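Report on one structure; see the data block that follows.
Computed from a predicted structure; not experimentally measured. Note: hydrogens, waters and symmetry copies are ignored here, and every other heavy atom, side chains too, is used.
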Amino acid sequence: MQSLMKFAFVTLTVLFGVALVTSAHAQTTNRVVVDIPFDFSVGSTLLRAGNYKVEELQSGILVFNGNDGQDHQFALTVGEEASNQHNQPKLIFTRYGDGTFLSKVFLSGGDDYRQLLPSSREKKLIQKRTSGEELSLLVQSGR
């Protein structure tokens with residue numbers, strides 16, 4: 001009987017610890033708010049110009065939520081590192097002709113960023129053009 005109570009106590013302690021870690025992780029998620037003045041693509045989805053909240057749900061999964069409540073998109077990303085000269089969160093877009101694609105997301109002021117994988121449409125545009133023009137938008141931290 002005593003070993004059963006000890007097992008129950010250890011189990012409850014572990015579950016409580018996991019709940020604390022999960023709660024702390026949820027409070028420290030990376031989130032930014034940005035007003036994007038042009039239509040852009042995330043993967044194969046075209047999103048309209050507007051105000052968006054960008055948040056990393058899990059390592060490698062970003063979600064884009066428009067303030068109108070209608071535009072939302074998930075994106076799989078790869079972690080990368082590059083110099084972030086202004087040490088501010090920012091989004092980097094690449095424009096090929098009239099198509100603008102989100103390519104990099106710096107959620108914090110550090111050098112780590114999330115690289116979006118190019119869609120099949122973007123790959124076709126890359127093949128047709130030798131290079132794309134990069135556009136950078138500085139953003140404010142999410143609330």
Side-chain angles (χ1 to χ4, degrees), residues 4-143:
L4 181 60
M5 288 182 65
K6 186 176 182 180
F7 175 77
F9 176 77
V10 170
T11 302
L12 287 174
T13 303
V14 169
L15 289 175
F16 181 73
V18 169
L20 284 177
V21 170
T22 302
S23 174
H25 177 56
Q27 293 174 4
T28 60
T29 57
N30 288 324
R31 178 184 313 161
V32 294
V33 177
V34 60
D35 184 24
I36 302 173
F38 47 81
D39 293 346
F40 65 102
S41 293
V42 173
S44 59
T45 302
L46 181 67
L47 298 176
R48 296 183 304 246
N51 199 326
Y52 288 86
K53 178 174 64 172
V54 182
E55 183 174 7
E56 185 172 21
L57 296 180
Q58 294 179 3
S59 182
I61 300 175
L62 298 179
V63 63
F64 300 81
N65 289 309
N67 272 354
D68 61 4
Q70 294 181 3
D71 286 332
H72 63 275
Q73 177 64 31
F74 291 92
L76 294 175
T77 64
V78 177
E80 297 287 341
E81 189 173 321
S83 176
N84 185 358
Q85 294 176 354
H86 298 291
N87 292 323
Q88 288 185 295
K90 63 183 171 184
L91 303 182
I92 308 270
F93 298 86
T94 305
R95 181 173 287 160
Y96 300 97
D98 63 349
T100 304
F101 298 85
L102 181 61
S103 58
K104 299 174 186 171
V105 177
F106 288 82
L107 289 173
S108 66
D111 292 336
D112 294 335
Y113 70 92
R114 305 306 305 178
Q115 173 76 46
L116 280 79
L117 304 174
S119 67
S120 58
R121 179 174 168 246
E122 185 176 4
K123 288 177 185 177
K124 288 178 186 176
L125 290 171
I126 291 170
Q127 289 175 349
K128 290 181 181 179
R129 300 180 65 89
T130 56
S131 66
E133 173 189 10
E134 271 197 357
L135 308 169
S136 180
L137 286 178
L138 296 179
V139 298
Q140 61 185 0
S141 295
R143 293 170 184 52

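Among all heavy-atom pairs drawn from S119 and S44, the shortest one is CB-N, 4.0 Å. Shortest non-hydrogen contact noted between A49 and P37 is CB-C, 3.7 Å. Nearest approach of L107 to E56, heavy atoms of both residues: CD1-CB, 3.7 Å.
Remark: L117 CG to K123 NZ distance equals 8.0 Å, nearest 0.5 Å. Atom CZ of F93 is separated from atom CG of L116 by 9.5 Å, given to the nearest 0.5 angstrom. Atom OH of Y52 is separated from atom CD of Q73 by 10.0 Å, given to the nearest 0.5 angstrom.
Looking at F106 and I92, their side chains come closer than 4.5 Å, going by heavy atoms from C-beta outward. By the 4.5 Å heavy-atom criterion applied to side chains, F64 and L102 are counted as neighbours. Looking only at side-chain heavy atoms (C-beta outward), F101 and L125 come within less than 4.5 Å of each other. Considering only heavy atoms from C-beta on, F40 stays 4.5 Å or farther from L91 through its side chain. Residues R48 and D39 are in side-chain contact: their nearest non-hydrogen atoms beyond the backbone lie under 4.5 Å apart. The side-chain heavy atoms of S41 and R121, taken from C-beta on, include a pair separated by under 4.5 Å. With contacts defined as side-chain heavy-atom distances shorter than 4.5 Å, the pair S59/R114 qualifies.
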Practice task
Could you walk me through whether R95 and S103 pass side-chain contact (heavy atoms from CB on, under 4.5 Å), step by step?
Solution key: CA-CA 10 Å; R95 181 173 287 160; S103 58; over 6 Å; no
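Just one of T77, V42, L57 meets the side-chain contact (heavy atoms from CB on, under 4.5 Å) condition when paired with L62; it is T77.
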